[in-house]
J.: 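Before I ask anything, here is the structure I am working with.
Reckoned from all heavy atoms, side chains included, excluding hydrogens, waters and symmetry mates. Each chain gets a letter, A, B and so on, in the order its sequence line appears, and its residues count up from 1.
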Number of protein chains: 2
Amino acid sequence: MLKLTRKLEYALIALRHMQTKGKLLSTTKEISDIYAIPQELLAKTLQQMARLEYIDAVQGPHGGYRIHSTMLEISLTKFIEDLEGPMGMVDCSVTSDCIQLNNCNIRQPINRINDNIRSIFSRINLSDITH
Amino acid sequence: MLKLTRKLEYALIALRHMQTKGKLLSTTKEISDIYAIPQELLAKTLQQMARLEYIDAVQGPHGGYRIHSTMLEISLTKFIEDLEGPMGMVDCSVTSDCIQLNNCNIRQPINRINDNIRSIFSRINLSDITH
DNA sequence: TTATACCCGACTATAATAGTCGTATATAGT
DNA sequence: ACTATATACGACTATTATAGTCGGGTATAA
Ligand code: SF4
Ligand code: SF4
């Protein structure tokens, strides 16, 4: 119920770590060691963030990642959905293939709550979490 | 991410349905038919809610369930946790066996957000959803 | 040319959720 | 008493989502 995935936590931990290092590069191994994160899993996540341009990748020896400057202004909503796909409290706030959809008596009230949560997450910036 | 379980949805649908019927009884079959909910699953959920005294059960033919009056003042937080156990965005807001716990750099900011969400859910009453 | 570190997709394992089944108990109506 | 209806309950299976692993690749500094 209402849980962040492990992947998102790892991503945030990594981002915050990189943030503290400014323009210096951080390697996957370095981060996975410090925070006891499975290296291969973190690697995939960092690669995904590189693709999304949340971070910049530098290949080769002495390579690594550093935070991409514009990342700071990203909302938590966008971050979560970029990494994990659409988020919503119920199916019908994302797709429209719920069997109950037509005669559902809680759709509206639930989606009102969903919008609330969403707008809270939208007002939170990644930089609020990573400092 | 951030999803209500199906069980909770079914529970809310059922509660709202019962709410509209006032003191009249509703049977599992009636509700599962109207909203296309798997009957056995709904049955279990209604039984659980009866145990929790969210609803009153009347056994035998012409039996069924009706809403328990005090239910109206229950918060969404309590409701969710009564039915599904403790809720939290991250493990450490519930237990303390996370490997990262000691050197985790996002624990505080995340738990601050978690507290926000929690307090929103606490201010929402079940009656806000079921009318 | 070698070692380091990113890149990528496919794979497996584990855990959470969703749904089913069998059996028992209560009770109204006959 | 008997029967039909409806709740009670636990164990079971199925399905899906999350978590984690593996194998083979590319870029590049030394
Ligand atoms: S239509 Fe109702 S049951 Fe279906 S996803 Fe929306 S809220 Fe849930
Ligand atoms: S300690 Fe950090 S990694 Fe562990 S659950 Fe809390 S926030 Fe997540």
J.: Measure from CG on A:Leu42 to C1' on C:dA5 and round the result to the nearest Å.
T.: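 After rounding, the reported distance stands at 13 Å.
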J.: Please report, rounded to the nearest Å, how far the C1' atom of D:dG20 is from the CD1 atom of B:Ile99.
T.: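 Going from B:Ile99 (CD1) to D:dG20 (C1'), I get 12 Å.
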J.: For B:Asp91, is there an ion pair with A:Arg6 - N to carboxylate O distance below 4.0 angstrom?
T.: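 B:Asp91 and A:Arg6: salt-bridged.
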J.: With A:Asp33, which residues qualify under salt bridge (Lys or Arg N to Asp or Glu O under 4.0 Å), at least two apart?
T.: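 For A:Asp33, the residues satisfying salt bridge (Lys or Arg N to Asp or Glu O under 4.0 Å) (neighbours in sequence not counted) are A:Lys29.
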J.: Tell me the interatomic distance from A:Ile37, atom CD1, to D:dG20, atom P, rounded to whole angstroms.
T.: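 Nearest whole value for this atom pair: 10 Å.
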J.: Mind jotting down which residue pairs meet the ring-ring contact (aromatic ring centres under 6.0 Å, His included) criterion with at least one end in residues 93-131 of chain B? Sequence neighbours excluded, please.
T.: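 Qualifying pairs, neighbours excluded: none.
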J.: Run A:Arg107 and A:Val90 through side chain to side chain contact (heavy atoms under 4.5 Å, CB included) and show every step you take.
T.: CA-CA 9 Å; A:Arg107 202 184 160 193; A:Val90 285; over 6 Å; no
J.: Determine which pairs satisfy side-chain hydrogen bond (donor to acceptor under 3.5 Å, both in side chains) with at least one residue from residues 37-48 of chain A, sequence neighbours left out, and list them in order.
T.: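 Residue pairs passing side-chain hydrogen bond (donor to acceptor under 3.5 Å, both in side chains), neighbours aside: A:Lys7-A:Gln48.
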J.: Scan nucleotides 21-28 of chain C against the protein and return all N/O pairs shorter than 3.5 Å with their distances rounded to 0.1 Å.
T.:
unit_1 : atom_1 : unit_2  : atom_2 : d
C:dA26 : O4'    : B:Gln59 : OE1    : 2.7

J.: Using the test salt bridge (Lys or Arg N to Asp or Glu O under 4.0 Å), find all partners of B:Glu30 that sit at least two apart in sequence or belong to another chain.
T.: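 Testing B:Glu30 for salt bridge (Lys or Arg N to Asp or Glu O under 4.0 Å), a comparison that skips the adjacent residues, returns B:Lys21.
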J.: Report, one pair per line, the protein and nucleotides 15-19 of chain D atoms (nitrogen or oxygen only) whose separation is under 3.5 Å.
T.:
unit_1 : atom_1 : unit_2 : atom_2 : d
D:dA19 : OP1    : A:Arg6 : N      : 2.9
D:dA19 : OP2    : A:Arg6 : N      : 3.0

J.: Which pairs with one or both residues in residues 57-69 of chain A pass side-chain hydrogen bond (donor to acceptor under 3.5 Å, both in side chains), sequence neighbours excluded?
T.: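 Found A:Asp56-A:His68.
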J.: Measuring only between side-chain heavy atoms, which start at C-beta, is B:Thr5 closer than 4.5 Å to B:Glu84?
T.: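 Touching, per the 4.5 Å side-chain cut-off.
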J.: Would A:Leu15 and A:Ile129 satisfy side chain to side chain contact (heavy atoms under 4.5 Å, CB included), going step by step from the backbone distance to the final call?
T.: CA-CA 9 Å; A:Leu15 284 178; A:Ile129 296 171; over 6 Å; no
J.: State, to 0.1 Å, how close A:Ile99 and A:Asn103 come at their nearest heavy-atom pair, and which atoms those are.
T.: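 Heavy-atom minimum between the residues: O-OD1, 4.5 Å.
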J.: Search all heavy atoms of B:Cys92 against all heavy atoms of B:Asn111 and return the closest pair with its distance.
T.: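 Heavy-atom minimum between the residues: SG-ND2, 3.4 Å.
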J.: Taking only residues at least two apart or on different chains, which pairs with a member in residues 10-52 of chain B satisfy ring-ring contact (aromatic ring centres under 6.0 Å, His included)?
T.: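 Residue pairs with at least one partner in residues 10-52 of chain B: B:His17-B:Tyr35.
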J.: At how many degrees, to 10°, do the end axes of the helix from C:dT1-D:dA30 to C:dT30-D:dA1 meet when each uses five pairs?
T.: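 End-to-end axis angle for the helix from C:dT1-D:dA30 to C:dT30-D:dA1: 0°, rounded to 10°.
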J.: What distance do A:Ile31 atom CD1 and A:Ser26 atom OG have between them, rounded to the nearest 0.5 Å?
T.: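 Here the rounded value is 5.0 Å.
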J.: Got a sec? Which of residues 49-57 of chain B come in under 4.0 Å of DNA chain D, heavy atoms?
T.: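 DNA chain D contact set from residues 49-57 of chain B: B:Arg51, B:Ala57.
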J.: Between residues 11-35 of chain A and DNA chain D, which residues have a heavy-atom gap below 4.0 Å?
T.: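 By residue number: none to list.
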J.: If you measure from OG1 on B:Thr130 to CG on A:Asn105, what distance do you get to the nearest 0.5 Å?
T.: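 Here the interatomic distance stands at 9.5 Å.
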J.: Sorted by first residue and then second, give each side-chain hydrogen bond (donor to acceptor under 3.5 Å, both in side chains) pair with at least one member in residues 70-83 of chain B; sequence neighbours left out.
T.: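 Residue pairs passing side-chain hydrogen bond (donor to acceptor under 3.5 Å, both in side chains), neighbours aside: B:Tyr54-B:Asp82, B:Thr77-B:Ser122, B:Lys78-B:Asp82, B:Glu81-B:Arg118.
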